[in-house]
Structures are given as structure tokens and as C-alpha cells.
Amino acid sequence: MPLARPIVFGNWKMYGLRADSRARAEAVAAFARPDHGTVGVFPPFTVLREVVEVVGDRPVVVGGQDCHDRPEGAFTGSISPVMLRDAGAGAVIVGHSERRHGLGEGDDFVRRKAAAARAAGLLVVLCIGETEEEYLAGRRYEVLDRQLAGSLPEGAGPEDLVVAYEPVWAIGTGRTPTLEEIREIHGWLRRELARRLAGGAEVALLYGGSVKPDNAAGILAQPDVDGVLVGGASLDPGQFRHIYEAGGAGR
Ligand code: 13P
């Protein structure tokens with residue numbers, strides 16, 4: 001079944017020890033409603049299992065922040081999609097800019113990770129986005145086009161894929177594109193996914209980059225924005241709840 005909208009996912013990045021992660025997960029599970037969109041959290045690997053246990057059977061997606069492209073092997077420090085699934089995860093982020101740009105991961109590796117995650121039964125949250133330099137040089141669509149061509153997993157559809165547009169210059173900076181730009185980019189993404197994948201028009205599209213309680217409603221109201229991927233504000237359950245509620249009911 002395609003995910004209920006609005007989709008509000010929190011990427012906890014490299015924040016959280018066991019006690020505060022448990023508390024954060026409990027707070028999210030307490031406000032998550034089965035009749036209101038889809039909420040999810042992406043904790044660090046070390047606390048993922050605990051978050052799965054805290055959430056229990058309440059309607060919160062729990063996912064990993066990255067995975068390898070192989071089910072197992074001699075890859076020191078890596079986590080496979082099969083392991084994530086075994087730990088109780090239902091989703092995984094791949095291609096986040098902090099891995100693409102921070103750790104030099106390329107489109108092809110991201111595509112292989114996404115394919116492996118689908119094969120393991122995980123929902124893939126594929127991130128794409130241009131850097132500030134690319135944005136200022138007017139190369140946004142060229143970069144997004146290249147990232148889609150290189151990292152979209154073959155055969156994926158609305159059941160197992162979500163695409164998150166996260167401009168690198170908006171992540172953790174307090175800056176965002178204008179609502180008009182977000183609308184235009186997500187409209188373009190919708191058309192591109194429809195062209196590239198069977199069922200691609202139904203693939204959920206998220207915006208990520210400095211989503212906060214005060215800008216979430218405006219962003220979530222844009223026609224092709226099905227949800228948001230939240231970093232910093234997802235660490236504060238009060239702010240995260242506000243963003244979740246900002247999506248409005250019954251969309
Ligand atoms: P911020 O919300 O902190 O800008 O982070 C966005 C992000 O990278 C989510 O994956």
C-alpha cells in the first residue's frame with residue numbers, strides 16, 4: 001500500500017545515546033496516530049533495536065540512516081539491509097548528502113544500496129540535492145537529473161521508494177528554497193519519476209533541509225510535496241510533533 005500522506009520522517013543523524021533515544025522514541029510513539037499520515041524516525045544503528053522495542057506495535061516507521069549494498073561480507077564498519085531488517089527496521093535512508101559529499105559516495109553505490117534495501121524488504125528513502133555551488137551556477141536540474149539517472153533503483157515503485165529532495169545548502173543552515181521553488185522542483189520530480197519508473201507518479205516526494213515548526217505547514221501545503229525529512233527539529237519531540245500536525249488531516 002502506498003504510504004499515507006503527509007509523511008514526516010525524522011533523521012536523528014549521529015545524535016542520541018540509549019536513554020535519550022528511548023525517551024525521544026516514546027514521545028513520538030505517543031503522538032503518532034494511525035489515521036494521520038505516516039511518521040518515522042531514523043536513529044543511529046546503536047539504538048535502533050531499542051527504538052524498535054519502545055515503539056512496539058504503534059504506527060511509527062523505524063529506519064536505518066544508511067546501509068551497504070551487500071547482505072553480508074568482509075566490510076568492516078558497514079551494516080547490511082538484511083541486518084537492518086533483522087533488527088526490526090522497516091526503512092533505510094540512502095544517498096544522504098552527508099554521505100555523498102561528506103564521505104564521497106557516488107550515484108552507482110547509492111543505486112546498489114537502494115536495490116539491496118528493496119530486495120531485503122525495506123522502504124528506501126533516496127536523497128538527492130544540489131550543493132550551493134551547483135545551485136549558484138544554475139545547475140540544479142542538471143545535478144538532480146544526473147542523480148536520478150544514476151541512483152534510482154530499477155523496478156522501484158510507490159510501495160518501496162520515497163524520494164527526498166534535500167538541497168545541500170539548506171541542510172542545517174536555517175535557509176530554505178522559496179515555496180515557489182519547492183513547488184517547481186517537486187513538480188519536476190513528479191514528472192521525472194513518472195517518466196523513469198512504472199508507477200513513478202505515485203512515488204512519495206519529500207522535502208528536506210531546515211524544516212521547522214514555523215515553515216512546515218507552508219512546505220507541506222505545496223501540491224507535489226507529500227512529506228518532509230527533518231533533521232535538527234526531529235531531535236526535539238515537541239517540534240517534531242508540531243511539524244507532524246502541520247501536515248493537516250486527511251491529505
Ligand atoms: P536539518 O533539518 O537539520 O536541516 O537536516 C535535514 C536533513 O539532512 C534530513 O535528512
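Numbering starts at 1 and runs along the sequence shown. Numbering of ligands and ligand atoms starts at 1, following listing order.
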Is the shortest side-chain N to carboxylate O distance from Asp214 to Lys212 below 4.0 Å?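 Answer for the salt bridge query: no.
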Are Arg111 and Asp107 close enough for a salt bridge, meaning some N to O gap below 4.0 Å?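 So Arg111 does not pair with Asp107 through a salt bridge.
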Please tell me whether Arg100 and Ser151 have a donor and an acceptor in their side chains that are separated by less than 3.5 angstrom.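 There is such a pair (donor and acceptor under 3.5 Å, judged by atom type) between the side chains of Arg100 and Ser151.
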Does any donor atom in the side chain of Glu130 or Trp169 lie under 3.5 Å from an acceptor atom in the other side chain?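 Note: Glu130 and Trp169 side chains meet the donor-acceptor criterion.
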Which one holds for Cys127 and ligand 1: side chain close, backbone close, both close, or neither close, with close meaning a heavy atom under 4.0 Å?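 Cys127 to ligand 1: no contact under 4.0 Å from either part.
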Please work out, at 4.0 Å between heavy atoms, whether the side chain, the backbone, both, or neither of Asn11 comes within that distance of ligand 1.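 Asn11 to ligand 1: side-chain contact only, backbone stays beyond 4.0 Å.
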Identified ring pair (Phe, Tyr, Trp, His ring centres under 6.0 Å) partner of Phe42 from the options Phe9, Tyr15, Trp12: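 By the ring pair (Phe, Tyr, Trp, His ring centres under 6.0 Å) criterion, Phe42 pairs with just one of Phe9, Tyr15, Trp12: Phe9.
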From the options Glu166, Lys13, His96, select the one whose nearest heavy atom is closest to atom 5 (O) of ligand 1.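 Checking each option, the heavy atom nearest atom 5 (O) of ligand 1 is found in Lys13.
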Identity of the nearest option to atom 4 (O) of ligand 1, non-hydrogen atoms only, from Gly232, Gly231, Gly172, Gly174: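 Considering heavy atoms of Gly232, Gly231, Gly172, Gly174, the nearest to atom 4 (O) of ligand 1 sits in Gly172.
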If you count the atoms of ligand 1 from 1 in the order shown, which ones are under 4.0 Å from a heavy atom of [X]?
X      : result
Ala170 : 4 (O)
Gly209 : 4 (O), 6 (C)
Leu229 : 9 (C), 10 (O)

Should Ser210 be listed as contacting ligand 1, given a heavy-atom distance under 4.0 Å as the test?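 Per 4.0 Å heavy-atom rule, Ser210 contacts ligand 1.
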Is it the case that ligand 1 has an N or O less than 3.5 angstrom from some N or O of Glu98?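 Glu98 vs ligand 1: no N/O contact under 3.5 Å.
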Run through Arg196, Arg191, Arg139 and flag the one making a salt bridge (charged side-chain N to carboxylate O under 4.0 Å, His left out) with Asp145.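 Looking at Arg196, Arg191, Arg139, the match for Asp145 under the salt bridge (charged side-chain N to carboxylate O under 4.0 Å, His left out) is Arg196.
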I'd like to know whether the aromatic ring centres of Phe31 and His242 sit less than 6.0 Å apart in this structure.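 Ring centroids of Phe31 and His242 are no less than 6.0 Å from each other.
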